[in-house]
Amino acid sequence: MSRIYRTLPPAGTKIGLAFSGGLDTRAAVAWMNEKGVEVYAYTADLAQPDEKNVSDIPPIAMDHGAKAARMIDCREAMVREGIVAIQCGAFHLSSGGKKYFNTTPLGRAVTSTAIVRAMREDGVHVFGDGSTHKGNDIQRFFRYGILVDPELRIYKPWLDPRFNEELGGRKEMSELLERIGKPYKMGTEKAYSTDANVLGATHEAKDLERLDTGMRIVEPIMGVAHWKNGVAVEAEEVAIEFEAGVPVAIGGRRFASTFELFVECNAIGGRHGLGMSDQIENRVIEAKSRGIYEAPGMALLHLAYERLLSAIHNESTTDLYFTLGRRLGRLLYEGKWYDPEALMLKDALTRWIAPAVSGRVTIELRRGDDYTILSTEAPHMAYDPEKLSMEKVESIFTPEDRIGALELQTLALGDNRALLLHYLDTVKRLGAGTTVTPIDKILEPGD
């Protein structure tokens, strides 16, 4: 039996729907209610910056026909997972040195597991959300949902031909809500779509699908449009303090929770436009998409964390951090944040690297990603100015020691030179008579 319903389940079926309160999910609740299924709506509080009051959303679902509606507080969980991602360097996308901090994949990991846990408590074992067949989220919600509830089945209205035939566009969805006496007043239509949580905002689709349209059409929701000359941005010094890999203070001020500290990081980074990036990425279906991302708090903490990391750990350890972190970032992107291979990488990076990262980094933030690191302090650092000082100091090794080290390298250099000469001689003798089939013979028509 397939886990995925191609069409609407029988009347009376309980369906859990991730409910955002927008036009599409309002229409989905109303449509499924008319068809006789029981809709249970679940709204995640992610401290999303594009919502004034998340607690207003569940009553909207009830008003449109849901049998029950719940709000699930995911704020602390979001920040917890965001800190783990920073500790692991779980970011595989980078363009021109600017990173994408995987804020949407982290949001899906937290949201879908929390919602399906709540559904299981309510005896609901069919899960639906607003993801489409072309995106990454359809895979993320599917994987996390079944991981939490092995009995789970999936029904996504946007994969149902009948739903798409009746409510295939915003016009048809608006007409349905008009008919049932729940008209939806759409705001000003933007030139792109936005999805956000406390870790960051994603802007994509519509005009942003064209690469001749830049970041300048985006109105940031987590900070300032730093590219606008008329936007005033004053330089600011900020000191970020970590203990055992966890941020604990800003400018000496401690907070009641890591969530509150992170909100302050968003405010600080946001007023400088820190952490905005323009990325072309490979979706899980191996086709490319483009997005504009905001993540001011993640960018600020990541900057301070990696500064301490480079001062504290040796080169081999930091190399593993970058290599394993990139691999983990892709697993997170694919909806595998809680799979065994991801847990193995997270365990290594959070157990053997993060606990040593304690200290304070003071940074001057200016405009966008323009900043200067002013000082780095830590109780333990592999960095020691005495080791390689250009001044006359007592050194742990002498010029004679260095000469001996260089002489030892002669052994390998001689072997390498002989190998290269042998390789060149072999290539000359191969000539045009190689037996390897040229690739053009495979790809082009002919004998």
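Predicted model, so just to flag it, every value in this text is computed and none were measured.
- Aromatic ring pairs are classed by plane angle as parallel below 30°, tilted from 30° to 60° and perpendicular above 60°; the pair H302 and F91 is perpendicular.
- In this structure, D278 pairs ionically with R290, as a charged nitrogen and a carboxylate oxygen lie closer than 4.0 Å.
- One finds a salt bridge joining R366 and E364 here, because a Lys/Arg side-chain nitrogen approaches an Asp/Glu carboxylate oxygen to under 4.0 Å.
- The stretch residues 123-140 participates, sequence neighbours left out, in these salt bridge (charged side-chain N to carboxylate O under 4.0 Å, His left out) pairs: R108-D137, D129-K156, D137-R140.
- A distance of 5.5 Å separates OG1 in T362 from CD in E377, rounded to the nearest 0.5 Å.
- Side chain to side chain, E294 and H203 meet the donor-acceptor criterion of an N or O pair below 3.5 Å.
- The residues K99 and E306 are annotated as not salt-bridged, no charged nitrogen and carboxylate oxygen being separated by less than 4.0 angstrom.
- Contact record, R360 with L308: N-CD2, 4.1 Å, taken as the closest heavy-atom pair.
- Here the side chains of V54 and Q48 are in contact, with some heavy-atom distance below 4.5 Å.
- Here CG of L152 is found 12.0 Å from CZ of F141. Values are rounded to the nearest 0.5 Å.
- I138 CD1 to I4 CD1: the interatomic distance, rounded to the nearest 0.5 Å, is 7.0 Å.
- A salt bridge links R70 to D122: at least one charged side-chain nitrogen sits closer than 4.0 Å to a carboxylate oxygen.
- Between Y321 and H313, the gap from one ring centroid to the other reaches at least 6.0 Å.
- H125 and D149 share a donor-acceptor pair across their side chains, judged by distance under 3.5 Å alone.
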